[in-house]
Novice: 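Sharing a structure below in structure tokens format, with a few things to ask.
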Amino acid sequence: VQLQASGGGLVQPGGSLRLSCVASGSIVSINQMGWYRQAPGKERELVAIIRSGGRRTYADSVKGRFTISRDNSKNTAYLQMNNLKPADTAVYHCNVIAVVAVESEVEPLDTWGQGTLVTVSS
């Protein structure tokens, strides 16, 4: 299974970006898709996750500004980020928890994408 994250870039404070994460491969089902971020010198932290039933969890720091959504038909998760702040500057990583087919078996998988850089600066 591969994850392709995109949508990062440079934006001014108050601006918006939309991140995308596409999962491809021998996916049987996806239980959860999410975004985490890691700023320089800091540990990776949860930003937002969306579960298979649609339940969402957000970090307190992004509530009301970020929205996570999911297109099950495309195995894609989106993170709409509005009113961005310099503190949001980080590498954003996509995470997927899924069930995948391996030869004639199925097994769980918890995997990460390569990350996309978001820089919020004037």
Side-chain angles (χ1 to χ4, degrees):
V1 173
Q2 296 80 41
L3 300 183
Q4 182 65 47
S6 61
L10 173 64
V11 64
Q12 292 185 343
S16 298
L17 285 174
R18 189 172 97 153
L19 306 183
S20 299
C21 174
V22 181
S24 60
S26 302
I27 299 169
V28 176
S29 63
I30 294 179
N31 298 327
Q32 179 176 295
M33 300 186 79
W35 292 94
Y36 293 72
R37 67 187 181 187
Q38 187 166 18
K42 295 187 177 181
E43 294 186 355
R44 187 174 295 187
E45 63 176 1
L46 179 145
V47 177
I49 57 175
I50 182 167
R51 299 169 181 82
S52 58
R55 188 161 60 97
R56 298 165 172 85
T57 298
Y58 294 97
D60 287 343
S61 60
V62 307
K63 284 180 181 177
R65 299 188 298 123
F66 291 12
T67 301
I68 188 169
S69 61
R70 180 172 158 181
D71 186 335
N72 293 327
S73 67
K74 298 179 180 179
N75 289 336
T76 300
Y78 304 97
L79 185 68
Q80 178 65 42
M81 305 185 293
N82 298 328
N83 191 20
L84 282 159
K85 304 176 181 181
D88 296 316
T89 295
V91 176
Y92 284 69
H93 297 271
C94 177
N95 171 261
V96 169
I97 299 174
V99 176
V100 298
V102 180
E103 298 181 345
S104 60
E105 304 291 330
V106 295
E107 61 183 41
L109 178 71
D110 185 338
T111 190
W112 295 85
Q114 84 284 6
T116 184
L117 177 62
V118 172
T119 303
V120 184
S121 175
S122 55

Novice: Could you measure the distance from the CD atom of Gln2 to the CD1 atom of Ile27? Nearest 0.5 Å is fine.
Specialist: 8.5 Å
Novice: Got a salt bridge between Asp60 and Lys63, using NZ or NE/NH1/NH2 to carboxylate O under 4.0 Å?
Specialist: yes
Novice: I want to check something: taking the side chain as every heavy atom from C-beta on, are Leu84 and Phe66 in contact at a cut-off of under 4.5 Å?
Specialist: yes
Novice: Have a look at Arg65 and tell me which of Met81, Lys85, Gln80 forms a side chain to side chain contact (heavy atoms under 4.5 Å, CB included) with it.
Specialist: Lys85
Novice: Could you grab the distance from atom OG1 of Thr67 to atom CG of Asn82, nearest 0.5 Å is fine?
Specialist: 6.5 Å
Novice: Only pairs under 3.5 Å count here: list side-chain donor-acceptor contacts from residues 95-116, not counting sequence neighbours, and write none if there are none.
Specialist:
{"residue": "Asn95", "atom": "ND2", "partner": "Asp110", "partner atom": "OD1", "Å": "2.7"}
{"residue": "Asn95", "atom": "ND2", "partner": "Thr111", "partner atom": "O", "Å": "3.1"}
{"residue": "Gln114", "atom": "NE2", "partner": "Ala5", "partner atom": "O", "Å": "3.2"}
{"residue": "Thr116", "atom": "OG1", "partner": "Gly8", "partner atom": "N", "Å": "3.1"}

Novice: In a table with atom names and distances, give each donor-acceptor pair under 3.5 Å that connects a side chain of residues 42-59 to protein atoms at least two apart or in another chain.
Specialist:
{"residue": "Glu45", "atom": "OE2", "partner": "Arg37", "partner atom": "NE", "Å": "2.7"}
{"residue": "Glu45", "atom": "OE2", "partner": "Arg37", "partner atom": "NH2", "Å": "3.3"}
{"residue": "Arg51", "atom": "NH1", "partner": "Thr57", "partner atom": "OG1", "Å": "3.0"}
{"residue": "Arg51", "atom": "NH2", "partner": "Thr57", "partner atom": "OG1", "Å": "3.2"}
{"residue": "Arg56", "atom": "NE", "partner": "Ile68", "partner atom": "O", "Å": "2.8"}
{"residue": "Arg56", "atom": "NH1", "partner": "Gly54", "partner atom": "O", "Å": "3.1"}
{"residue": "Tyr58", "atom": "OH", "partner": "Ile68", "partner atom": "N", "Å": "3.0"}

Novice: Taking only residues at least two apart or on different chains, which pairs with a member in residues 3-34 satisfy ring pair (Phe, Tyr, Trp, His ring centres under 6.0 Å)?
Specialist: none
Novice: Quick one: does Leu3's side chain get under 4.5 Å of Val22's, heavy atoms only?
Specialist: no
Novice: Going from CG on Leu117 to CD on Gln38, what distance comes out if it is rounded to the nearest 0.5 angstrom?
Specialist: 12.0 Å
Novice: Could you check whether Arg18 makes a cation-pi contact with Tyr78, meaning its NZ or CZ is under 6.0 Å from the centre of the six-membered ring and within 45° of the ring axis?
Specialist: yes
Novice: For Pro13 and Ser121, which heavy atoms make the closest approach, and how far apart are they?
Specialist: CD-C, 3.6 Å
Novice: As an exercise, state the distance from SG of Cys21 to OH of Tyr92, rounded to the nearest 0.5 Å.
Specialist: 14.5 Å
Novice: Is the closest side-chain heavy-atom distance between Val118 and Leu19 below 4.5 Å?
Specialist: yes
Novice: Can you confirm whether Ile30 sits close enough to Asn72 that some side-chain heavy atom of one is under 4.5 Å from a side-chain heavy atom of the other?
Specialist: no
Novice: Return the OG to CD distance between Ser122 and Gln12, rounded to the nearest 0.5 Å.
Specialist: 7.0 Å
